[in-house]
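The analysis underlying the following values was restricted to heavy atoms, covering all of them including side chains, and did not include hydrogens, waters or symmetry mates. Every chain is numbered from 1, with letters handed out A, B, ... down the list of sequences. Because the structure is predicted, anything quoted here is derived from the model rather than measured.
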Number of protein chains: 2
Amino acid sequence: MASIREVAQEAGVGVGTVSRALNGSGYVSPETRKKIEKAAKKLNYTPNELARNLYHNKTGIVGVIVPDLEHPFFSSLVKHIEMELYEQGYKTMICNTVGISRREQEYLDMLERNIVDGIITASHGLEVEEYQKQTKPIVSIDRDLGSRIPLIGCDHAKGGKLAAELMLEARRRKVFLVSGISPNVMANDRYRTFRQILEENGVVAVLQEEMGWNIFSWEAHYKMAEEIFRLHPDVDGIFGSDLAALACLNVAQRKGIRVPEDLSIIGFDAMAPSGMVYPQLTAIRQNVELLAEISVNALLDMVEQRKNVPSRLILDVEIQRGGTV
Amino acid sequence: MASIREVAQEAGVGVGTVSRALNGSGYVSPETRKKIEKAAKKLNYTPNELARNLYHNKTGIVGVIVPDLEHPFFSSLVKHIEMELYEQGYKTMICNTVGISRREQEYLDMLERNIVDGIITASHGLEVEEYQKQTKPIVSIDRDLGSRIPLIGCDHAKGGKLAAELMLEARRRKVFLVSGISPNVMANDRYRTFRQILEENGVVAVLQEEMGWNIFSWEAHYKMAEEIFRLHPDVDGIFGSDLAALACLNVAQRKGIRVPEDLSIIGFDAMAPSGMVYPQLTAIRQNVELLAEISVNALLDMVEQRKNVPSRLILDVEIQRGGTV
DNA sequence: CTGTTAGCGCGTTCAT
DNA sequence: ATGAACGCGCTAACAG
C-alpha cells in the first residue's frame with residue numbers, strides 16, 4: 001500500500017531516484033541506493049502494477065480463448081501455453097467461450113480495452129471478420145483467420161493419411177468417420193484426406209457422421225456412438241476425435257464387440273484419457289507442448305515486435321500405438 | 001486508441017461531461033449526450049481500462065491457483081470458476097504452479113501488486129504463513145489456511161465413509177488405500193475415515209501407499225498400480241483418487257483380473273475419464289460446479305465487501321455407481 | 001548523480 | 001448542466 005512517494009520521503013530523496021534505484025535504470029550512487037532499499041524494505045513497498053501498466057500501455061497479460069477448458073486437448077493446451085508464457089514473464093487470462101460467440105466477442109474486445117497485450121485463440125465461433133477488424137496481436141490455432149493472423153496447427157492431412165493407412169493395413173471394409181462440421185477449420189483436412197485415401201483404395205463403404213463443431217460433451221459423443229452401432233452394427237473401423245473414439249470403444253465393449261479383432265478404432269489428439277482405457281486407444285498424436293510453445297513465441301514476437309512471424313506454421317503428427325487397431 | 005479528450009474535442013465539450021455521459025453518472029442534457037455519443041461512435045472510442053483500473057485501484061481480475069491444469073478435477077474446477085466469474089463481470093487469471101512453490105508465491109504476490117482483486121487457491125505447495133501474511137481477499141479450496149481465509153471443500157470424511165461401506169457390502173478382505181501425504185489438506189479425512197471404518201469392521205488387511213501429494217501424472221500412477229499388483233497380487237479392493245483407481249483398473253485388466261468379481265475399485269472425484277473406461281468407474285463424486293459457484297461467491301463477497309463469509313463451507317458428496325464394485 | 005515536473009487516460013469534485 | 005483542475009502511482013525527460 002506504500003507508494004513510491006512515501007519511500008522517497010522516508011529515504012529523503014526524490015521519487016525519480018527511487019524509481020531508478022528500484023528499476024536499475026539510470027545512475028544512482030551506491031549509498032543512496034542503500035538508503036532507498038532500506039526504506040523500501042521498511043515500508044514493505046511493492047510497486048503498483050496498475051500505474052506501471054498505464055504508463056507503459058501494457059499489462060503483460062495474454063488472453064487464451066478456448067471453447068471448453070474441460071476438454072482434455074484444451075486443458076492441456078492452456079496448461080502448456082501458461083507455462084511458456086510464465087517463462088517469458090507473461091500472465092495468462094483464460095477465456096472459456098463454451099461455444100457462445102458473444103463471449104468470444106467480449107473476450108476479443110479486451111484487446112482494444114488494453115486489458116490484454118495479445119490473444120491466442122483456439123475457439124471458432126465468431127465471424128472471421130471480427131478477428132480481422134483487430135489491429136493488435138492475435139494468433140490462431142487450427143483456424144484460418146486470414147493472412148494477417150498467423151495460423152498454427154498440426155498437419156491434419158498427414159494425420160488423416162496415417163489413420164487411413166492403419167485402416168488399410170487392418171483390411172477394414174466398412175469404415176465410419178466421425179467428423180465435425182466447422183467451416184475454415186484445419187481439422188477438416190484430416191477427414192477429407194482420410195476419406196479420400198480409403199475410397200481410392202476400394203474400401204467398400206465410408207460412412208460419415210457430423211458432430212456439431214462445438215460439441216465437446218461426453219454425453220453427446222456417447223449417444224452418437226450408440227446410434228452408429230444401432231444403424232450400422234457391422235462397421236469394422238471408426239476414426240474420429242479422441243472423445244468420439246473413446247465413446248465408440250466404450251459402447252462396443254458394452255455390446256461385446258471384440259476390439260481390435262472385429263473393430264478397429266482410431267482417435268485423434270491422443271490426449272490423456274486415451275491412455276487410461278483398456279485396451280489403450282490407438283490414435284494420432286499432436287504435440288501439444290510444441291504447439292503451445294510455437295503459439296506463444298509467435299504471439300510474443302508480435303507483441304514485442306521482435307521479428308516477423310510466418311503466416312502459417314504446421315507441426316508434425318505421429319501415431320500413438322495402442323491396442324485398438 | 002482514441003482518448004476521452006479527443007472525444008470531448010470532437011463533441012465540443014469538456015472531458016468531464018463525456019465521462020458522465022458515457023458512464024451514466026451525473027447530469028448531462030439529452031442533446032449534449034447525443035453529440036457525445038455521435039463523436040464517440042465516429043472516433044470508435046473505447047475507454048482505456050488501464051486508466052480506469054488505476055483510478056479505481058481494481059482490475060476486475062481474479063487469480064485461480066491450481067497445481068496442474070491438465071488434471072481433470074482442476075480443469076473442470078477452473079472452467080466452472082471462470083463461468084461463474086464471467087457471470088459476475090470478472091475475468092479469470094490462471095496460475096498453474098506445476099508443484100513449484102516459488103511459482104505459487106509469485107502468483108500470490110500479484111495480490112499486493114494489484115494485478116488481481118482476489119485469489120482462489122487450490123494449490124498447496126506454499127507455507128500457510130505466506131497466505132496468512134496477505135490482507136487482500138483469498139479463499140482456499142480443500143486446505144486449511146487459518147480462520148481468516150475461508151475454506152471451501154467437499155465432505156471428504158463422508159466420501160471415505162461411503163467408499164468404506166461399499167467395500168464392506170462387497171465383502172472385501174484385503175483392501176489397498178492409495179492416499180496422498182500432504183499436510184493440512186482436507187483430502188486426508190477421506191482416507192482416515194475409510195481406513196478407520198474398515199478396521200473397525202474387521203477387514204483382514206488395510207494396506208496403504210502414499211503418492212507424493214503433488215504428483216498428478218498418469219505415468220506415476222500407472223507405475224504405482226503395477227507395484228501394488230506385483231507386491232500384493234491378492235488385493236481385492238482399491239480406493240484412491242480417480243487417477244489411482246483408473247490406473248489400477250487398467251493394470252488389473254491387462255493382468256486378466258476380473259473386475260468387479262475379484263477386485264473392487266473405487267475412485268474419488270468422479271471426473272470425466274471415470275466414465276470413459278469400461279466398466280465405468282464406481283467413484284465418490286464431488287459437485288465441482290457447486291464448489292466453483294460457492295468459491296466465487298465467497299471471494300466476491302469479500303472483494304466487494306457485500307457481506308461476511310463463513311470460515312468453512314462443506315459440500316455434500318455422493319456415490320457415482322459404475323461397474324467396478 | 002539527483003530532484004522536479006510533465007504526462008499516461010480517466011473519474012470526480014468544485015466552482016460557475 | 002458543464003468545464004477546469006486535480007489526483008490515482010509511476011516513469012522518463014530535463015535541468016541542475
For nucleotides 9-13 of chain D, which of its nitrogen or oxygen atoms have a protein nitrogen or oxygen under 3.5 Å away, and what is each distance?
{"unit_1": "D:dC10", "atom_1": "OP1", "unit_2": "A:Tyr45", "atom_2": "OH", "d": "2.5"}
{"unit_1": "D:dC10", "atom_1": "OP1", "unit_2": "A:Asn48", "atom_2": "N", "d": "3.1"}
{"unit_1": "D:dC10", "atom_1": "OP2", "unit_2": "A:Ile4", "atom_2": "N", "d": "2.3"}
{"unit_1": "D:dT11", "atom_1": "OP1", "unit_2": "A:Asn23", "atom_2": "ND2", "d": "3.1"}
{"unit_1": "D:dT11", "atom_1": "OP1", "unit_2": "A:Arg52", "atom_2": "NE", "d": "2.7"}
{"unit_1": "D:dT11", "atom_1": "OP1", "unit_2": "A:Arg52", "atom_2": "NH2", "d": "3.2"}
{"unit_1": "D:dT11", "atom_1": "OP2", "unit_2": "A:Ser19", "atom_2": "OG", "d": "3.0"}
{"unit_1": "D:dT11", "atom_1": "OP2", "unit_2": "A:Asn23", "atom_2": "ND2", "d": "3.4"}
{"unit_1": "D:dA12", "atom_1": "O4'", "unit_2": "A:Tyr55", "atom_2": "OH", "d": "2.9"}

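B:Arg306 approaches B:Gln88 most closely through the heavy-atom pair NH2-OE1, 2.7 Å. A:Asp142 approaches A:Leu151 most closely through the heavy-atom pair N-CD1, 3.7 Å. What you find for B:Asp117 and B:Pro137 is that their closest heavy atoms are O-CD, 3.6 Å.
Residue A:Ser29 places at least one side-chain N or O closer than 4.0 Å to OP1 or OP2 of C:dT2. Within the structure, every side-chain polar atom (N or O) of B:Thr32 is placed at least 4.0 Å from both OP1 and OP2 of D:dA1.
Rounded to an integer number of Å, the gap from A:Tyr27 OH to C:dG3 P is 17 Å. The separation between B:Leu50 atom CG and C:dG9 atom C1' is 9 Å, rounded to whole Å. For the pair B:Gln9 CD and D:dG3 P, the computed distance is 13 Å after rounding to whole Å.
A heavy-atom distance below 4.5 Å is not found between the side chains of B:Val185 and B:Asp144.
Comparing the local axis fitted to the first five base pairs of the helix from C:dC1-D:dG16 to C:dT16-D:dA1 with the one fitted to its last five gives a bend of 50°, rounded to 10°.
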Hey, mind stepping through A:Glu106 and A:Arg102 against salt bridge (Lys or Arg N to Asp or Glu O under 4.0 Å) and telling me if it holds?
-> CA-CA 6 Å; A:Glu106 273 185 58; A:Arg102 183 177 47 75; 3.2 Å; yes
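A centroid separation of 6.0 Å or more is found between the aromatic rings of B:Phe73 and B:Phe216.
Judged purely by distance below 3.5 Å, without hydrogens or angles, the side chains of B:Asn114 and A:Arg52 never pair a donor atom with an acceptor atom.
B:Glu31 CD: 12 or fewer foreign heavy atoms inside a 6.0 Å radius.
For the segment residues 106-116 of chain B, the set of residues with a heavy atom within less than 4.0 Å of an atom of DNA chain C is empty.
Ion pairing between B:Glu82 and A:Arg103 holds under the 4.0 Å rule for side-chain N and carboxylate O. Under the 4.0 Å criterion applied to side-chain N and carboxylate O atoms, B:Glu112 and B:Lys136 are not assigned as salt-bridge partners.
Each of A:Leu126, A:Val66, A:Thr97, A:Leu145 was checked for a side chain to side chain contact (heavy atoms under 4.5 Å, CB included) with A:Thr121, and the lone residue meeting it is A:Leu145.
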